A.B. asks: 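Mind having a look at this structure? Questions to follow.
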Amino acid sequence: MSKNIQSIRGMHDFAPAEAESMRMLEDKLLQVLHQYSYQEIRTPIVEKLELFKRSIGEVTDIVEKEMYAFEDRGGDYLGLRPEGTASVVRAGIENGWLHNQQQRYWYLGPFFRRERPQKGRYRQFHQLGVETFGMQGPDIDLELILMTQAMWSAVGLHSDHVQLQINSLGDTEARARHREKLIEYLLAHLEALDEEGKNRLHANPLRVLDSKNPQVQAIVGDAPKLIDYLDAEAKQHFEQLQVSLEELGVECEVNPTLVRGLDYYNRTVFEWVTSKLGAQGTICAGGRYDNLVTQMGGRATPAAGFAIGLERLHSLVEEQIAAEVENIDAYFVALDDSAVNYGFKLLAKIRQQCPHCAIQMNCGGGSIKSQMKRADRSGARLALIAGTDEVRNKTVTVKYLQTQDEQQILSEGQLIELLNQ
Ligand code: ATP
Ligand code: MG
């Protein structure tokens, strides 16, 4: 006998209950995006591999180790998107949406990284991402932070359970000056570096700061900090953001080792971190990427964004949200064949006049006993029962499944009234 085919490691099915609470979580987040007047953008899940290499950077975890990349039948090298920013920038340049314009976009969907699966880290995961273009001041950084904070409150995440960390990566010149000093420092601590650290030392020393290896992390604390190399403008940008956060009562911690795992960031970077999810504690990460549009061939356009890891956020609020899931309203029980079509007609009318009601029709026949069992299992509040009498009288017998109320015979109008209560 052949073995059953299994899903790919790190790629998961969502059972209906999980899918429903995820959908409810998404709805709450989208409501906040609507309040802030952000627009949805959809881009393909597959792009040319080159797009991710050029934007995210060759010497990053994502491009070095995590890409799902393949050659298609026409000989093109393609990749499953590991993140959203590259595609949105590509689409913006290609369609002329960016130059001399302000844009506030969001997207939601699956992303792919071939990393070691563990709780909160999957090979197919979902992000809600936001990208903004054409705004260079710290005010848009502030808006992004305030909006994410509003999102936590909208999904019922207690403010004690997430902390905001911010940092500034400065601009190109400061980065170059810092890089030199950092390489010097790392060379002096070569014995603490792992293979990866040594490989990155010259190619991308900033990445070494992002290492998850404890031995490497131990020397990171004393490494030269980018924040000490900022020029006046970047410094002012960062200070202004901090003053605003303070004025608006947003608590945050400046974390000088926060560098982010992608190459394109500059100036403000931020993460929302929780201690409730073990090592996979970052639920949202973002920052500015003012040089990416030019780097990708467009005209200079300031930009900033973030992405929320939906599985991680979901696991923090799943229980509360599951408690909000509502049962269906009614289950229709047909006692004989004539009642089936009567039922379909009646339910069509009800669905028009009580658009918020969820009613399940018994399909597949069955005795009254087995139909009532299905009604119970459906979680419905009411069983709507019809046989020859009800069909003749254009009525329905209503049985209350969750309470002790007496059963009733109702006309169509009375039933609609009851369902609309
Ligand atoms: P990490 O340091 O945890 O690997 P990252 O810096 O690679 O995160 P980003 O590229 O910033 O992550 O992605 C934004 C968010 O998406 C993360 O903060 C996290 O919540 C989520 N995320 C990233 N990779 C995964 C994954 N493999 N599985 C589930 N969620 C993920
Ligand atoms: Mg990662």
Side-chain angles (χ1 to χ4, degrees), residues 8-12 14 18 22 25-26 29 52 55-57 59-68 79-89 106-131 144-145 148 151-152 155 157 161-167 169 196 200 204 206-214 216-217 220 255 257-265 268-289 292 304-318:
I8 296 167
R9 205 161 101 82
M11 303 198 182
H12 296 288
F14 285 66
E18 207 183 344
M22 184 59 108
L25 173 70
E26 291 168 0
L29 297 170
F52 303 116
S55 57
I56 297 166
V59 192
T60 57
D61 279 347
I62 294 180
V63 170
E64 270 182 348
K65 301 187 283 196
E66 301 172 357
M67 279 297 304
Y68 277 98
L80 301 190
R81 61 182 191 183
E83 57 101 57
T85 309
S87 307
V88 173
V89 168
W106 66 265
Y107 51 84
L108 189 160
F111 292 86
F112 306 84
R113 296 183 193 179
R114 198 177 187 290
E115 23 191 355
R116 194 168 68 77
Q118 49 197 296
K119 190 171 165 27
R121 193 175 291 288
Y122 311 103
R123 290 180 172 180
Q124 174 171 331
F125 60 100
H126 296 77
Q127 281 186 346
L128 170 65
V130 159
E131 314 294 345
L144 294 177
I145 289 171
T148 45
M151 286 174 169
W152 312 148
V155 304
L157 184 57
H161 294 166
V162 274
Q163 280 81 45
L164 174 64
Q165 299 191 351
I166 59 172
N167 191 23
L169 301 182
E196 181 183 79
R200 291 180 170 187
N204 195 343
L206 210 52
R207 282 283 72 72
V208 181
L209 301 183
D210 211 20
S211 167
K212 294 192 170 86
N213 181 341
V216 179
Q217 265 177 358
V220 160
N255 175 0
T257 63
L258 183 68
V259 296
R260 311 279 310 104
L262 304 87
D263 270 1
Y264 49 64
Y265 287 104
T268 312
V269 290
F270 66 93
E271 288 192 358
W272 285 95
V273 184
T274 175
S275 52
K276 305 245 148 200
L277 295 176
Q280 272 56 254
T282 304
I283 56 166
C284 171
R288 301 200 61 89
Y289 48 96
L292 184 58
F306 65 78
I308 296 173
L310 288 175
E311 281 84 357
R312 293 185 194 178
L313 179 59
H314 184 244
S315 69
L316 284 177
V317 293
E318 189 172 11

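Numbers here are sequence positions counted from 1. Note that ligands are numbered from 1 as they come in the structure, with each ligand's atoms numbered from 1 the same way. Values in this document were obtained by computation on a predicted structure and should not be read as measured data.
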A.B. asks: Determine whether the side chain, the backbone, both or neither of Arg113 has a heavy atom under 4.0 Å from any heavy atom of ligand 1.
C.D. replies: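 The side chain, only.
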A.B. asks: Give the contacting part of Lys119 toward ligand 1: side chain, backbone, both or neither, where contact means a heavy-atom distance below 4.0 Å.
C.D. replies: neither
A.B. asks: Could you see which bit of Glu311 sits under 4.0 Å from ligand 1, with heavy atoms only: side chain, backbone, both or neither?
C.D. replies: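 It is neither; nothing of Glu311 touches ligand 1.
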A.B. asks: Please check if the number of heavy atoms outside Arg121 that lie under 6.0 Å from its CZ is greater than 12.
C.D. replies: yes
A.B. asks: Is it the case that atom NZ in Lys65 sees more than 12 heavy atoms from other parts of the structure closer than 6.0 Å?
C.D. replies: yes
A.B. asks: Would you sort out whether His161 and Trp152 count as a side chain to side chain contact (heavy atoms under 4.5 Å, CB included), showing the intermediate values?
C.D. replies: CA-CA 10 Å; His161 294 166; Trp152 312 148; over 6 Å; no
A.B. asks: Please round to the nearest 0.5 Å and tell me the distance separating atom CG of Leu206 and atom CG of Leu169.
C.D. replies: 6.5 Å
A.B. asks: Counting only heavy atoms closer than 4.0 Å, does ligand 1 sit against the backbone of Glu271, its side chain, both, or neither?
C.D. replies: neither
A.B. asks: Determine the sole option in Tyr289, Tyr264, Tyr265 for which the side chain to side chain donor-acceptor pair (under 3.5 Å) test with Thr85 is passed.
C.D. replies: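 Filter result, single survivor: Tyr264.
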A.B. asks: Please step through side chain to side chain contact (heavy atoms under 4.5 Å, CB included) for the pair Asn255 and Glu271, ending with a clear verdict.
C.D. replies: CA-CA 10 Å; Asn255 175 0; Glu271 288 192 358; over 6 Å; no
A.B. asks: Please test Ile62 against Phe52 for side chain to side chain contact (heavy atoms under 4.5 Å, CB included), starting from the C-alpha separation and ending with a verdict.
C.D. replies: CA-CA 9 Å; Ile62 294 180; Phe52 303 116; over 6 Å; no
A.B. asks: Report the nearest protein non-hydrogen atom to atom 3 (O) of ligand 1: residue, atom name, distance rounded to 0.1 Å.
C.D. replies: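 Nearest protein contact, heavy atoms only, for atom 3 (O) of ligand 1 is Arg121 NH2, 2.9 Å.
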A.B. asks: Can you find a protein heavy atom under 4.0 Å from atom 28 (N) of ligand 1?
C.D. replies: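 Given the 4.0 Å cut-off, atom 28 (N) of ligand 1 counts as touching protein heavy atoms.
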A.B. asks: With heavy atoms of Ala285 as the reference, note each atom of ligand 1 found under 4.0 Å away.
C.D. replies: 11 (O)
A.B. asks: Using the rule given for salt bridge (charged side-chain N to carboxylate O under 4.0 Å, His left out), can you reason through Arg113 versus Glu83, listing the C-alpha separation, both sets of side-chain angles and the distance that settles it, and then say yes or no?
C.D. replies: CA-CA 9 Å; Arg113 296 183 193 179; Glu83 57 101 57; 5.8 Å; no
A.B. asks: Please list the nearest protein heavy atom to atom 30 (N) of ligand 1 with its residue and the distance rounded to 0.1 Å.
C.D. replies: Phe125 CD1, 3.5 Å
A.B. asks: Is there a side chain to side chain contact (heavy atoms under 4.5 Å, CB included) between Glu64 and Arg207 once you walk through the steps?
C.D. replies: CA-CA 12 Å; Glu64 270 182 348; Arg207 282 283 72 72; over 6 Å; no
A.B. asks: Distance check, rounded to the nearest 0.5 Å: Lys276 atom NZ versus Leu316 atom CG?
C.D. replies: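 CG of Leu316 is found 8.5 Å from NZ of Lys276.
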A.B. asks: For Gln280, state whether at least one heavy atom is located under 4.0 Å from any atom of ligand 1.
C.D. replies: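 No, Gln280 has no heavy atoms under 4.0 Å from ligand 1.
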A.B. asks: Out of curiosity, is His126 lining ligand 1, as in a heavy atom under 4.0 Å away?
C.D. replies: no
A.B. asks: In terms of atom number and element, which parts of ligand 1 are under 4.0 angstrom from non-hydrogen atoms of Glu115?
C.D. replies: 24 (N), 25 (C), 26 (C), 27 (N)
A.B. asks: Suppose we measure from atom 14 (C) of ligand 1 to each protein heavy atom; which comes out shortest, and what is that distance?
C.D. replies: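 For atom 14 (C) of ligand 1, the nearest protein heavy atom is Gln127 NE2, 3.2 Å.
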A.B. asks: Using a 4.0 Å heavy-atom cut-off, which part of Ile283 comes near ligand 1: side chain, backbone, both, or neither?
C.D. replies: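 Within the 4.0 Å criterion, Ile283 contacts ligand 1 through backbone atoms alone.
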A.B. asks: Which one of His126, Lys119, Gln127 satisfies the side chain to side chain donor-acceptor pair (under 3.5 Å) criterion with Glu311?
C.D. replies: His126
A.B. asks: What's the shortest distance from atom 17 (C) of ligand 1 to any protein heavy atom, and which residue and atom give it?
C.D. replies: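 Going by distance alone, atom 17 (C) of ligand 1 is nearest to Thr282 O, 4.0 Å.
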A.B. asks: Can you tell me the protein heavy atom closest to atom 21 (C) of ligand 1 and the distance?
C.D. replies: Gly309 CA, 3.6 Å
A.B. asks: Return the residue, atom name and 0.1 Å-rounded distance of the protein heavy atom closest to atom 6 (O) of ligand 1.
C.D. replies: Arg260 NH1, 3.4 Å
A.B. asks: Please verify whether a non-hydrogen atom of Arg312 lies at under 4.0 Å from ligand 1.
C.D. replies: yes
A.B. asks: In this structure, does ligand 1 have an atom that sits under 4.0 Å from one of the heavy atoms of Lys212?
C.D. replies: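 In this structure, Lys212 qualifies as a contact of ligand 1 - some heavy atom is under 4.0 Å.
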